[in-house]
Structures are given as structure tokens and as C-alpha cells.
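One structure is given here, and the rest of the page talks about it.
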Amino acid sequence: MTSNASPSGAPRSLFQKVWDAHRVRELPSGQTQLLIGTHLIHEVTSPQAFAMLRELGLPVRFPARTFATVDHIIPTDDQSRPLADDLAEAMMSELERNCRDYGIQFFGPETGAQGIVHVIGPELGLTQPGMTIACGDSHTSTHGAFGAIAFGIGTSQVRDVLASQCIAIAPLKVRRIEVTGKLAPGVYAKDVILAIIRRLGVNGGVGHAYEYAGPVIDAMSMEERMTVCNMSIEGGARCGYVNPDRTTVEYLRGRRYTPDDAGFEAKAKAWLALASDPGTVYDDVVRIDGSKIEPSITWGIHPGHNLGVSESIPTPNGVPDDERAGVEEALEYMDFAAGASIEGTPIDVAFIGSCTNGRISDLREAAKVAKTGHVKAGVRALVVPGSMAVREQAEKEGLHEIFRAAGFEWREPGCSMCLAMNPDKLKGREVCASSSNRNFKGRQGSPSGRTLLMSPAMVAAAAIAGKVVDVRKLS
Amino acid sequence: MSPNKNDEVLVRIAEIEGSACVLRGDDVDTDRIIPARFMKVVTFDDMGRHAFEDARKAAKGKHPLDDPRYSGAEILVVGNNFGCGSSREHAPQALMRFGFKAFVGGSFAEIFAGNCTSLGLPCVTLPADALAKLMDAVELDPQQRVRIDLVARTIRSRAGVMPAGIPDGVRMQLTEGTWDATRVLLDAGDAIERTAATIPYF
């Protein structure tokens, strides 16, 4: 971890350094047995893993390296116990029991630190450069913003990590994605990652770790970098990361799980040394001109179906042969006219939140827009902070008053309408302007519901106008 | 739930033979395979009956999983990037409990494919032209036997014998019965603690 040089002295990427440090052994299958430094769990994908562990009669190998919270099923209106939904209550109780039985730290609502797992990890300083992190959730890639290598895993692998603190995983290629230039006003991290996915495709990242770099990424705050890394999975990549720099170090200073003053500077020096070495040879390098990125918005049924707000919805004849069937299916589901402008599309619901865009900086940007007007009559607008800490900070800044005055509902933290496992759901064919990460068919809780992904500022603007608008025109 | 329980016999998976079902379309995500509201349970027991539930309701009985011609199919033939999106193991669990034992497609999302391996469900790939031929052949004659041979890396059907893709490591895990990784990982013994001791933050 502290050495920059590989045994051969060749320059290494951060990915390779972290991988090498955590390699336990090579397996006969050609996969690597990789030690997982930090394991995060939540109520949806862990109960079956604990059941398997009990069935196998195995202990948790390193209970101090697993941390739990509750986020997917928790209601955002009334979180008092028992939860109104019996099924949700059963899941939460099961998580509490498992944490108790195995001695795992649980950040439940009573701790004041509850929130979406990918929001609280960084907030608490549990997420640090050079770590390997795993969680039974695909958006674990978020933690890569800190120069950690973070994998979303399935429940059988959650069992493996609990039992052995390891996963079996094949080595990945590393693609460096350089975002050059400077973002225009009104263009956010969300627009950057949507533009990257549009360019490289929803399966373009298969077999790869994405290293995000270049002046646009360098200029981003940690929260913006988290938004970019969060949606690596939507581009098909196994993980995504940003090399640690002073921005990373300053974010981590003084967090609950980072070292105190005396040890911090030494730690920071080691973190910075983890960045990819000059001269690192990548499997692939892609450059994207950040100054040309517009506020982006999805029109279809996967995150690759996105365009700049000034563009028109594609026509089946205007796309390559292998995309035609997908475009036709998307147009039919969305009931949008091919060739129509996306700007002006009416919306029914606005959702600001999620592990992609539920952090304090997201709420600040949305609140700036909310100040300019009032939610359009007939539009239901929700603001769901990513964590209790985000909620508290927002209330300290008075953001909740701005949102309420503008007609937004101010909620308790959780995953909420990103995947609608709690009572926050679309109804029927509703169209939702959403700051979340997936516009899949039925994703937001109604089998025929429709999702338009965009930045939190664009969602707030759409809530006020009652339709998709270009947030740049407001200023 | 775990075939390797107590070091019992390893389950080797070298070939799968059965009838197939064709599900056309690319980028079929795991929310579609198992909508999130059905995951509000602490076991996988009920997943099978909710497989593709919303898509099947929307298709009003015309979904391939409801097509009587495909009844009893054990191999699901799919398009590109199948299983993208959420890491939920509930998706392969649902398809396994519905009755599928293997998947043939253009490509698979990585976490989905990894979850399938953990459950002993092979995901094998075919080039576009071969996949199109296999889909056509199965749709024409759904009763035919399709045979996936992981040792020979072939798929045999009325469309002929086609070379099939599967990563070497996954193929070895399946054919040697080490696909349920817990035991394999625990076999490292103290090497886990030794590695942990070199990690400053651990």
C-alpha cells in the first residue's frame, strides 16, 4: 500500500496497486481471491446471506469490518417502529437481529447516522482511498470517488464476504476516461456521467474498471465525483474510481472513522501516493470534451437512452441497426413521439434524492431553483435527503423551508422512489423527473411508470414548470 | 441452499440438456426480471412465481414465459446485456426457481453472470449470427432438445453445433464443482489473516 513501485518497477494504476495489496492468492480458476477491507450491508440483500451462514454453521470472520444500515425499505414519512408495513418491519427486524447475533455495527435511525449506504459510508469516513469495498448493491461503485475499489456483489457473495472477508473475482481491464475542458453553467456531474454512458454504451464497460480523470473531474467536489462513480454500473463497468487528491484528503479530515490530527497527515500522504503513477499504461483511454456537455436527460428505458436538453428524441430510422429494436421498444413504452423535442415534456412527479444525487450539494442546487417559483399544480414533488446527516445539515441551512415554501414535500432519509421498495411509488403511467440512476421499465414502483433521469437542478426546474425545461434558461 | 454444505460432494456441471425458451430483446434489466416490490422478504423462496411478473402481465399471456409451447423449458435464450442494472441475486434466483438451469445470450451483465455462477447456472454466449439462428430454430421447434456442453464449449440444436463462449475460470468452476465459492475462499486459511495484517487500515 505504501510503495509506489510494482515488483518489476513498472508504473501501476491505482486499481492495480489496490488489487495487488489485497490479493490473498490466485485461484485455480484464474480468478483472484481478493480481501475486502470494508463490507457494507443493508436489509434487502443480506438476510439470505446470514441464513446461508447459519445453515453452514460458519461465523462472521471479521465482524468489525462489516457495517450495516437500513435504506431500501424504510418509509420516508413516518419511520416510527414498528413500521406500518409488516414486510418492511420484518426485514428491518431481521437486520437488527443479524447485527446483534454477529456483533456487527448497525447505523439505524436511533444512531442519528442512518441513511443510504452509499451516502453514509463516505460521510462517516468509512470509505477511504486504497480500500477494497463490497456491498450487496450495484451502486457500491460510488465509493470509488475516494480512490477505493468498490464492487457491487450478489447475496451469495455477501455470504462469502461474511464467512471469509474475500471474494473470488477475475482481474479487470482499466479504461481511463478523461473529461477535458470546463463544464458550462447549469451542467452538473450527473450530466457528465450521462454523457459518458451515452458515448460508451450501457454495456461498454463490461470487464473494466473506469478511471475518471481530466480537468473536469479534478475540479469536482467529492460529492460530484460520487455522482459520477455511482453510475459506473449503468455504463456496464464493474467499478469506477477517481485518483485521490487534496480534495479527497480535505473531505476526509475530521470524519468519525478517519484518524485524528496526529495520524491524519501521514495517512493523507499514503493516500495521495496511491494515485495512478505517471506513465501508467491503460487498456484503453477515452477523451470527452466536457465543455460540450449540455444538461442531459433520458427519454427511454435505460440510462444510455439520453440526450442534451436541446436535442430531439431519436427516430428508429436515425439509429444504427443494432439499436433500432431497442429504440422502438422505448418509444412505445414511453409513448413519446420519435423526433419530438424532449424539452416541454409534461411531468407528474418530481423526485430529488437517491445515492446518485441525495447529498447536501445536490439539495443546495435544487433549492436555488426551488426559490424561483412554486411546484406546478398537479405535480407531486418529493425531496428525500440521502442520510440523517444530510437532512440535519439541510435544515441547519434552511433548505427545508425553501423546499416547503415552494410546494415540495420534505422527507426522512432513504432510497425512496429510486426503486420504490417503500411506499413512495409512481402510480399508473405517471412521468417522473428524477435525480436517481435508473429509468428502467417499472423501476419507480408502477409497472407502467415512466422515468426521466436528470440532475437535481433540472428536476426542481421541471417540478416548477410542470414540464421538462432547460435549467440554464432560468438564470 | 448451499450444495457444498459440510464439504459434501461437489456438484459438477458439465452439460445442460433440455428444451429452450426464447426471450428476444437487448438490455433486459434485473428490475424487469424481478420487480423490486417482490424483494420485500427475507428469503428467496417466492421469487420463482414473480419472475418477469410485470412484463408478463403487460403482455397479457403472450410473454414467452407464459407460452405453452415453451412449457418446461430449462434453457433461456436471450439477447445482449441480459441482467443489467441492480446486483440483486433475486433475479437469477427467480429464473432458477421458475425452472431455468442455463442461459444462452449475446452477452451478459457482469454482476448477473457472477450471481449465476454462484448458483451453478451457466451463462454462455454466442456470436450475433449464431444466436439469431438458434433463436429462429427454437421458435420454429420449441420441443427440440438443446444441449450445452461446457467441456466441449458447444451448443447443439437443430440449428447445428455452435461454438459457445464462457470464460475459462467460470467454466472450470462449473465443471469442477467449485462454483459455490465459500469453501474455496475458506481454504486459503491463515493466508486471509496474513494479507489482512499487511493492510494498514484493516
Side-chain angles (χ1 to χ4, degrees), chain A residues 1 21-22 24-25 27-31 33 35 37 44-45 47-48 51-52 55-56 61-62 65 73 87-88 90-91 94 128 131 136-138 152-157 159-160 163-166 168 170 202-203 206-207 236 238 270 302 325-326 329 419-421 438 440-443 445 447, chain B residues 1-2 5-6 24-27 29 31-32 35-37 39-44 53-55 57-58 80-81 84-90 92-93 107 109-111 114-115 118-119 128 167-170 172-173 176 178 180-182 184-186 188 191-192 194-196 198-202:
Chain A
M1 288 273 290
H22 291 80
V24 174
R25 59 175 183 153
L27 297 170
S29 63
Q31 293 174 309
Q33 177 162 353
L35 186 75
V44 178
T45 57
Q48 299 89 343
M52 291 188 251
E55 196 185 338
L56 292 162
R61 186 88 164 222
F62 296 96
R65 295 309 310 168
I73 52 94
L87 296 172
M91 295 186 84
E94 183 75 2
Q128 295 175 13
M131 284 182 170
D137 192 287
S138 60
I153 56 177
T155 295
S156 293
Q157 286 182 302
R159 170 203 62 196
D160 293 346
S164 71
Q165 202 63 30
C166 295
V202 287
N203 58 356
V206 171
R238 196 69 182 78
H302 68 57
E329 183 187 0
L419 85 168
M421 280 192 74
R438 289 185 175 137
F440 297 149
K441 289 180 177 179
R443 169 76 177 182
Chain B
M1 229 178 249
S2 177
K5 187 182 176 187
N6 303 328
R24 289 186 182 264
D26 294 338
D27 306 312
D29 59 79
D31 275 86
R32 223 183 299 177
R37 64 184 182 279
M39 302 198 298
K40 223 159 45 178
V41 282
V42 296
T43 72
F44 290 128
E53 180 153 323
D54 291 343
K57 274 193 182 145
N80 291 307
N81 199 29
C84 60
S86 158
S87 63
R88 60 188 71 165
E89 188 171 304
H90 305 67
Q93 286 276 359
S107 65
E110 238 162 333
I111 303 180
N115 284 337
S118 295
L119 299 175
D168 290 340
V170 175
M172 183 187 276
Q173 286 175 281
E176 296 190 352
T178 57
D180 187 351
T182 310
V184 175
L185 295 170
L186 287 174
I192 296 172
R194 283 200 302 277
T195 304
T198 67
I199 308 282
Y201 69 83
F202 198 91

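Naming: A, B, ... by sequence-line order, numbering from 1 per chain. Heavy atoms only: backbone and side chains are in, while hydrogens, waters and symmetry mates are out.
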Note to self: For B:Ala196, which atoms come within 4.5 Å of any heavy atom of chain A: side chain, backbone, both, or neither?
What the structure shows: both
Check: chain A heavy atoms under 4.5 Å from B:Ala109: which part of the residue, side chain, backbone, both or neither?
Finding: neither
Among [options], which residue has the highest count of heavy-atom pairs closer than 4.5 Å to chain A?
options                               : answer
B:Asp168, B:Val41, B:Asn81            : B:Asn81
B:Ala188, B:Gly169, B:Ala191, B:Ser87 : B:Ser87
B:Gly25, B:Gly85, B:Gly114, B:Pro167  : B:Gly85
B:Arg32, B:Glu53, B:Met172            : B:Arg32
B:Asp26, B:Leu119, B:Val170, B:Asp27  : B:Asp27

Notebook entry, point to check: Taking it one step at a time, do B:Arg37 and A:Leu87 satisfy side chain to side chain contact (heavy atoms under 4.5 Å, CB included)?
Noted result: CA-CA 10 Å; B:Arg37 64 184 182 279; A:Leu87 296 172; over 6 Å; no
Mind ranking [options] by heavy-atom pairs under 4.5 Å with chain B and telling me who comes out on top?
options                              : answer
A:Gly207, A:Gly326, A:Ala88          : A:Gly207
A:Gly30, A:Gly154, A:Gly445          : A:Gly154
A:Gln31, A:Gln128, A:Arg238, A:Glu94 : A:Arg238

Next item on the list: Go through the steps to decide whether A:Ser138 and B:Ile111 satisfy the test side chain to side chain contact (heavy atoms under 4.5 Å, CB included), and finish with yes or no.
Entry: CA-CA 8 Å; A:Ser138 60; B:Ile111 303 180; 4.2 Å; yes
Please give me the minimum heavy-atom distance between [X] and [Y], naming the atom from each residue.
X        : Y        : result
A:Thr45  : B:His90  : CG2-CE1, 4.3 Å
B:Thr182 : A:Arg159 : OG1-NE, 2.8 Å
B:Val42  : A:Ala90  : CG1-O, 4.4 Å

Interatomic spacing from [atom1] in [X] to [atom2] in [Y] - rounded to 0.5 Å:
X        : Y        : atom1 : atom2 : answer
A:Gln33  : B:Thr195 : CD    : OG1   : 8.0 Å
A:Ile73  : B:Met39  : CD1   : CE    : 11.5 Å
B:Asp29  : A:Arg443 : CG    : CZ    : 8.5 Å
A:Leu35  : B:Leu185 : CG    : CG    : 11.0 Å
B:Ile199 : A:His22  : CD1   : NE2   : 3.5 Å
A:Met421 : B:Lys40  : CE    : NZ    : 6.5 Å

In terms of heavy-atom proximity below 4.5 Å to chain B, should [X] be classed as side chain, backbone, both, or neither?
X        : result
A:Arg438 : side chain
A:Ala163 : both
A:Ala168 : both

May I ask you to test the [X]-[Y] pair for a side-chain heavy-atom distance under 4.5 Å?
X        : Y        : result
B:Cys84  : A:Val202 : no
A:Arg61  : B:Leu186 : yes
B:Gln173 : A:Leu27  : no

Note to self: Please check this pair: side chain of B:Glu110 against backbone of A:Val206, looking for a donor-acceptor N/O pair closer than 3.5 Å.
What the structure shows: no
Note to self: Checking the side chain of B:Glu89 only, and the main-chain atoms of A:Ser156 only, is there a donor and an acceptor separated by less than 3.5 Å?
What the structure shows: yes
Next item on the list: Using only heavy-atom distances, determine whether the side chains of B:Ser118 and A:Gln157 contain a donor-acceptor pair under 3.5 Å.
Entry: no
Check: Is it true that the NZ or CZ of A:Arg65 lies under 6.0 Å from the centre of B:Phe202's six-membered ring and within 45 degrees of the ring axis?
Finding: yes
Margin query: Walk me through whether A:Leu419 and B:Arg88 qualify under side chain to side chain contact (heavy atoms under 4.5 Å, CB included).
Written below: CA-CA 12 Å; A:Leu419 85 168; B:Arg88 60 188 71 165; 4.1 Å; yes
Notebook entry, point to check: Can you check side chain to side chain contact (heavy atoms under 4.5 Å, CB included) on A:Cys166 and B:Ile192, steps first, answer last?
Noted result: CA-CA 8 Å; A:Cys166 295; B:Ile192 296 172; 4.0 Å; yes
